[in-house]
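Encoded as structure tokens, the structure appears first; notes follow it.
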Amino acid sequence: MHKSLHTHIIGLGAYLPDRIMSNEELSKRVDTSDAWIQERTGIKQRHIIAKDQKTSDLATAAARQALEDAGLTINDIDALVVATTTPDMVFPSTASVVQYKLGGVGFPAWDIQAVCSGFVYGLAQMDGMMRAGMFKRVLLIGAESMTRIVDWKDRGTCVLFGDGAGAVVLEVSDKEGGVLGSVLHCDGSYRHLLKAQHPYPGASPDDSMMDMGIDAAGVAAIEMKGNEVFRMAVSKLGEVVHEILAQCSISADEVDWLVPHQANIRILQATAKKLGADMNKVIVTVDQHANTSSASVPLALNKAYRDGRFETGQLLLLEAFAGGFAWGANLVRWSK
Ligand SMILES: CC(C)(COP(=O)(O)OP(=O)(O)OC[C@H]1O[C@@H](n2cnc3c(N)ncnc32)[C@H](O)[C@@H]1OP(=O)(O)O)[C@@H](O)C(=O)NCCC(=O)NCCS
């Protein structure tokens with residue numbers, strides 16, 4: 001690992017599907033209300049993927065914008081990684097589909113599955129590989145079509161999720177700044193609290209799909225123990241923000257922006273409080289996007305970047321909590 005090398009974010013992009021579903025519209029489908037959703041989650045609306053779109057389409061659009069922002073083409077890229085929980089297919093990877101759609105060929109492309117923590121895990125992974133000298137420029141994308149895997153009859157979960165994609169172009173160089181460090185965790189003893197079963201669970205050649213209780217579409221639906229997930233998210237995110245700061249020898253008051261995974265405004269507020277940060281230092285998109293899983297951190301990054309909120313030299317703390325449970329954080333000195 002080259003201590004003198006640093007991984008920088010040099011381009012950002014995003015894509016949100018055109019169709020917007022308001023809480024009002026949702027309340028005509030399930031027994032809920034705009035008031036309940038806003039009060040308990042902070043969500044006002046979510047974007048919904050079009051019938052003829054796939055996760056790879058959202059990812060490709062976000063990646064195109066990130067490449068343009070970096071002033072590069074796909075030919076300048078050495079590796080492409082898609083963090084996703086909602087791949088186009090079981091295989092091949094969504095990353096290989098995105099590589100093809102962008103007109104790239106030859107360089108490695110693969111998916112990362114760490115659910116809502118996928119982008120934070122991906123940034124940690126790529127920072128390590130890039131500083132080890134494997135790649136100079138990487139496209140890292142978080143892309144999801146979560147509304148394809150929600151149970152639209154379950155008001156406890158269907159109000160929470162949305163679709164979208166965010167992308168960054170990473171470049172390694174000897175310039176100071178960029179990714180300062182990452183912390184990753186997983187505790188599989190909580191795996192049952194937030195899950196979507198595989199469409200073909202443990203199939204043997206002698207089982208039929210009907211025997212396994214799989215409907216014609218074979219779709220996996222999200223199941224969640226909301227309260228328990230909430231409590232653990234608040235507790236573990238409160239710990240991990242201090243852990244990353246200690247690892248990088250940075251004090252909490254030096255952090256300029258908290259860029260959190262966007263699941264519930266109350267989780268964002270609790271994490272900001274544990275950091276001792278005012279809410280005006282927190283990038284909030286959950287009201288507009290709902291929970292877009294691995295896309296939510298890069299979507300939030302892109303939104304604040306496009307609004308002109310980040311200044312060169314500022315410190316950004318990225319964090320996420322996910323099914324698994326898998327959680328983590330990255331500390332980034334903005335260098336764009
Ligand atoms: C899902 C979540 C918003 C529920 O909020 P909550 O305050 O914990 O609410 P509860 O689950 O305790 O439910 C309270 C009541 O609201 C009801 N309720 C649940 N969803 C509802 C909805 N969409 N509309 C109206 N009422 C609803 C419940 O049925 C329950 O009613 P009861 O008391 O009569 O049984 C919250 O637990 C949460 O955000 N959890 C974490 C989610 C998360 O972060 N997931 C992804 C992690 S990556």
Side-chain angles (χ1 to χ4, degrees), residues 40-43 81-87 111-125 127-128 140 142-144 146 149-151 154 156-162 166 181-198 201 220-247 258-275 282 285-286 289-300 317-331:
R40 305 308 296 158
T41 72
I43 297 166
V81 174
V82 177
T84 188
T85 306
T86 46
D111 288 358
I112 293 183
Q113 162 55 306
V115 213
C116 304
S117 295
F119 185 84
V120 166
Y121 264 61
L123 189 57
Q125 182 182 9
D127 177 42
L140 173 63
E144 302 283 9
M146 297 305 283
I149 61 164
V150 297
D151 176 352
D154 176 12
T157 51
C158 75
V159 304
L160 302 175
F161 294 95
S182 299
V183 168
L184 303 177
H185 290 289
C186 181
D187 185 342
S189 64
Y190 294 101
R191 68 203 179 283
H192 55 290
L193 295 179
L194 176 54
K195 63 184 183 191
Q197 298 222 40
H198 193 282
I222 294 172
E223 298 167 60
M224 180 175 72
K225 297 264 186 281
N227 244 309
E228 289 160 76
V229 176
F230 187 94
R231 275 203 305 277
M232 279 296 287
V234 168
S235 156
K236 292 299 170 194
L237 289 172
E239 285 170 22
V240 84
V241 291
H242 288 291
E243 191 182 349
I244 183 79
L245 289 173
Q247 182 183 290
L258 182 65
V259 190
H261 168 50
Q262 312 277 324
N264 185 321
I265 191 72
R266 294 186 291 136
I267 299 177
L268 275 63
Q269 287 160 344
T271 310
K273 199 170 166 195
K274 291 212 175 149
L275 198 61
V282 183
T285 56
V286 67
H289 303 166
N291 182 347
T292 56
S293 191
S294 70
S296 86
V297 170
L299 276 170
L317 202 170
L318 283 50
E319 46 86 337
F321 185 85
F325 292 140
W327 66 101
N330 321 102
L331 199 62

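These numbers come from a predicted model, not from an experiment.
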Can you list the residues that meet the side chain to side chain contact (heavy atoms under 4.5 Å, CB included) rule with Lys225, with sequence neighbours excluded?
Leu193, Glu228
First locate atom CD of Gln269, then atom CG of Asn264, and finally report the distance between them rounded to the nearest 0.5 Å.
8.5 Å
Can you tell me how far the CE atom of Met146 sits from the OG atom of Ser296, to the nearest 0.5 Å?
10.0 Å
Residues two or more places apart in sequence or in another chain: which of them pass side chain to side chain donor-acceptor pair (under 3.5 Å) with Thr292?
none
Residue pair Ala124 / Leu184: nearest heavy atoms and the distance that separates them
CB-CD1, 3.8 Å
Please identify each residue that fulfils ring-ring contact (aromatic ring centres under 6.0 Å, His included) with Phe325, with sequence neighbours left out.
Tyr190, Phe321
What residues, two or more places apart in sequence or in another chain, satisfy side chain to side chain donor-acceptor pair (under 3.5 Å) together with Asn330?
Ser182
CD1 of Ile43 to NE2 of His289: how many Å apart, nearest 0.5 Å?
11.5 Å
About how many Å separate NZ of Lys195 and CE of Met224, when rounded to the nearest 0.5 Å?
13.0 Å
What pairs with His185 under ring-ring contact (aromatic ring centres under 6.0 Å, His included), at least two apart in sequence or on another chain?
Trp327
Who passes side chain to side chain contact (heavy atoms under 4.5 Å, CB included) against Ala329, sequence neighbours left out?
Val240, Ile244, Leu317, Glu319
Donor-acceptor contacts under 3.5 Å from residues 232-239 side chains, at least two apart:
{"residue": "Lys236", "atom": "NZ", "partner": "Glu239", "partner atom": "OE1", "Å": "3.4"}

Counting only N and O atoms by type, is there a donor-acceptor contact under 3.5 Å from the side chain of Gln113 to the main-chain atoms of Val115?
yes
Run Leu331 and Gln247 through side chain to side chain contact (heavy atoms under 4.5 Å, CB included) and show every step you take.
CA-CA 10 Å; Leu331 199 62; Gln247 182 183 290; over 6 Å; no
For Asn291, side chain to side chain contact (heavy atoms under 4.5 Å, CB included) partners two or more places apart
Cys116, Phe161, His261, Ala263, Ser293
Hits for side chain to side chain donor-acceptor pair (under 3.5 Å) against Thr41, two or more places apart or cross-chain, chain-then-number order -> none
Side-chain heavy atoms of Ile222 within contact of Leu194, under 4.5 Å
yes
Nearest 0.5 Å, please: how far is CD in Glu144 from OG1 in Thr84?
4.0 Å
Between His242 and Lys274 (side chain of the first, backbone of the second, donor and acceptor by atom type, cut-off under 3.5 Å), is there such a pair?
yes
What's the separation between atom OG in Ser294 and atom OH in Tyr121, rounded to the nearest 0.5 Å?
13.5 Å
Which atom pair, heavy atoms only, marks the closest approach of Ala295 to Gly142?
CB-O, 3.4 Å
Specify the closest pair of heavy atoms between Ala326 and Ser117, including all atoms of both residues, with the distance to one decimal.
O-OG, 2.8 Å
Nearest heavy atoms of Gly122 and Leu140, plus distance in Å:
C-CD2, 3.8 Å
Is Leu275 close to Leu258 at the side-chain level, that is, under 4.5 Å between some pair of heavy atoms?
yes
Considering only heavy atoms from C-beta outward, does the side chain of Asp111 approach that of Pro87 to under 4.5 Å?
yes
Do you know which two heavy atoms are closest between Ala300 and Val259, and how far apart they sit?
CB-CG1, 3.9 Å
Quick check: closest heavy atoms across Val82 and Ala143, and the distance to 0.1 Å?
CG1-CB, 4.4 Å
